[in-house]
Amino acid sequence: MFAYIIRRVAQSVFVLFSIALLVFLAIYAIGDPVITLAPQDATTAELEATARRLGMDRPLYQQFFIFLSNAAQGDFGRSFVYGEPALNVVLSRLPATLELALFAAFLAVVIGVPLGMYAGLKPDSAGGKSIMLGSILGFSLPSFWQGLMLILLFAVVLRWLPAGGRGDVGSIWGLQSSFFTFDGISHLLLPALNMALFKVALIIRVARAATRETIGQDFMLFARAKGLPPTRLVGVHLLKNILIPVVTVLGLELGSLIAFAIVTESVFAYPGMGKLLVDSIGQLDRPVIVAYLMATVLMFVVINLIVDLLYAALDPRIRLSGGEA
Amino acid sequence: MGETRANPAPADSGTINSDGQSLLSLQVAAFFASPAATLATVVLTLIIVGATLAPLIAPQHPYDLAQLDIMNGMLAPGARDGDNRLLLLGTDEQGRDILSAILFGLRTSLLVGVVSTGVACLAGSAIGILAAYFGGRIDALTMRIVDLQLSVPSILVALVLLAAFGRGVDKVILALIIVQWAYYARAARGAALVERNKEYIEAARSLELSNLQIMFTHLLPNALPPLIVIATAQIAHAIALEATLSFLGAGVPVTEPSLGMLIASGYNYLLSGQYWVSTYPGIALVIAVGAINLMGDRLRDVLNPRLAN
């Protein structure tokens with residue numbers, strides 16, 4: 001197990017290093033910050049001085065290592081727009097995005113699992129077939145347009161929910177979150193539903209496949225033979241067994257939920273990290289773009305690492321084959 | 001279909017089964033046995049024809065500024081413009097006929113989807129098959145890069161690439177190729193690893209055919225079915241991604257037609273109940289993407305009989 005952990009952690013560090021290199025090169029390719037930062041009427045000498053101050057006169061590989069060592073200390077420079085350290089700007093938006101992603105994951109399970117179970121238990125019924133057809137259409141709905149239609153229906157026509165923004169933040173035991181106020185939840189509902197629908201189709205497919213696999217197994221036959229009522233059969237024995245693949249898929253999708261928050265947050269004017277990224281790209285706020293990318297990739301890498309290590313702890317075959325390769 | 005895999009014939013399509021029907025015609029028949037897939041094919045054909053003939057059949061050239069009249073701005077569906085022409089789906093703020101804009105926007109969608117997927121499929125499959133064929137370090141390095149790329153969501157990669165490249169149809173296509181190639185590389189490698197040890201490859205080797213010939217005329221055709229399935233789903237994905245990027249203001253420039261940008265331009269009017277600018281282009285997008293996805297789903301069932309049950 002120990003060898004596996006080391007190998008897996010080394011792999012994650014390699015991924016982070018590669019992404020840092022790519023981000024550095026991409027940002028380097030965008031343009032010369034010296035020209036952006038120096039005054040417009042700067043002389044060549046002044047430009048050179050600015051370049052020296054920023055370390056831009058050094059060879060590329062040295063600049064990369066300066067970038068790396070600064071990044072390791074959480075220093076990505078100051079935001080051109082907010083005047084604060086870029087990482088602080090990004091992290092101040094993190095709670096809003098995490099709330100959205102977690103709420104969306106919750107909604108996806110609550111909506112997707114029952115539908116998937118039904119489609120798995122009655123695959124040939126009209127209901128089961130339309131659920132599967134609906135899930136294909138669910139894959140086809142572009143998230144940004146679906147968000148606009150949710151706004152049109154629930155905020156413009158029915159006037160039930162606010163069209164955008166983040167609601168009041170409440171505080172319980174020192175923990176700050178929109179979950180604690182009615183206004184906060186009403187603002188979260190539409191964007192979270194929008195992000196959830198994107199994943200519901202996937203959850204339905206996973207739950208359906210797991211259901212069909214589970215109902216044929218001996219312990220289910222035995223439980224039925226024992227005379228357990230169908231509600232208990234489905235609600236306890238089946239549900240327990242299909243939750244494992246569902247939770248696995250959801251864990252792996254959490255990263256993509258955070259990334260796709262870019263779209264949903266832009267549609268709902270929700271002040272999270274994703275909207276910050278889109279705004280920063282529009283304003284060419286380079287330090288914030290870099291800080292967002294590195295922070296997000298770090299999150300992905302850590303999530304993947306945890307999932308893999310949990311797997312290895314649960315299933316010895318993985319760490320054994322991993323150790324040999 | 002199992003028997004064709006073991007057959008040294010390079011392509012599936014020419015194979016004859018015991019009933020005297022070619023495998024291809026059986027697969028086509030199986031595909032159209034599904035009403036949903038048939039309907040999707042008809043719908044997609046109509047969309048392709050409509051988009052291709054857009055300059056001929058559209059009531060207006062919506063991106064020719066000389067034809068736009070700001071006096072016709074934000075007219076509701078069913079209204080008539082200054083020349084008493086019926087506006088079936090209304091106009092946007094610049095007086096652009098929405099129906100025409102949708103037809104022109106679909107051209108961009110299809111162009112971006114088909115070209116980016118086609119190039120990514122060719123390049124990715126070639127890389128995957130080469131990796132599988134040579135194995136060892138080349139294989140390990142390639143798969144590391146593929147894993148790296150697939151671990152970061154496509155929307156993020158595309159958005160950052162476009163921030164670096166700038167806006168433009170060609171740049172969107174390039175970004176989408178970079179986003180997609182890894183899927184094909186992985187699938188092609190997987191399929192090639194399975195095929196590599198089969199007898200027909202051994203037979204081709206004993207005939208002393210060159211590596212390239214074995215890979216691309218013998219191995220590739222038999223590794224094709226999973227690639228076709230992925231490519232179909234990826235065309236739909238690429239179309240949706242282009243619309244999303246343009247919606248976010250990072251994709252196609254404002255002078256070019258794009259469904260995503262059309263939807264974005266209707267965003268402000270949506271809140272005051274003027275729904276048509278955002279709604280109708282979105283419906284067109286959903287129908288196009290949905291039809292492709294339905295066809296892809298059916299293709300997967302037809303090309304992979306093991307999954308059907």
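A, B, ... follow the sequence lines: proteins, then strands. Residue 1 opens every chain. Since this is a predicted model, take the numbers as computed values, not measurements.
Within the 4.5 angstrom heavy-atom criterion, only side-chain atoms of A:V278, from C-beta onward, approach chain B. Heavy-atom distances place the side chain of A:Q11, and not its backbone, under 4.5 Å from chain B. Residue contact with chain A, scored on non-hydrogen atoms closer than 4.5 Å, is absent for B:I239. With a 4.5 angstrom heavy-atom cutoff, B:A243 touches chain A via backbone and side-chain atoms both. Using a 4.5 Å cut-off between heavy atoms, A:L293 contacts chain B through its side chain alone, with no backbone atom that close. Residue A:A155: no heavy atom, backbone or side chain, is found under 4.5 Å from chain B. For A:V267, the parts sitting under 4.5 Å from any heavy atom of chain B are the backbone and the side chain alike. At a 4.5 Å heavy-atom cutoff, the contact between A:I151 and chain B is made by side-chain atoms alone.
Considering only heavy-atom pairs separated by less than 4.5 Å from chain B, the leading option among A:W145, A:F300, A:F14 is A:W145. Note: B:L148 leads B:D147, B:L148, B:L285 in heavy-atom pairs under 4.5 Å with chain A.
In this structure, OH in A:Y292 is found 13.5 Å from CZ in A:F76, a value given to the nearest 0.5 Å. Note that CG of B:D297 and OG1 of B:T232 are 10.5 Å apart. Values are rounded to the nearest 0.5 Å. With values rounded to the nearest 0.5 angstrom, B:Y183 atom OH is found 11.5 Å from B:T117 atom OG1. Note that the CE atom of A:M149 and the OG1 atom of B:T279 stand 3.5 Å from one another [nearest 0.5 Å].
Side chains of B:E242 and B:T108: a donor-acceptor N/O pair is absent below 3.5 angstrom, by distance only.
Ring-plane geometry between A:F64 and A:F17 is classed as perpendicular, the angle between the planes exceeding 60 degrees on a 0 to 90 degree scale with a lower cut at 30.
Contact annotation: the side chain of B:L299 approaches that of B:F31 to within less than 4.5 Å [non-hydrogen atoms, C-beta and beyond].
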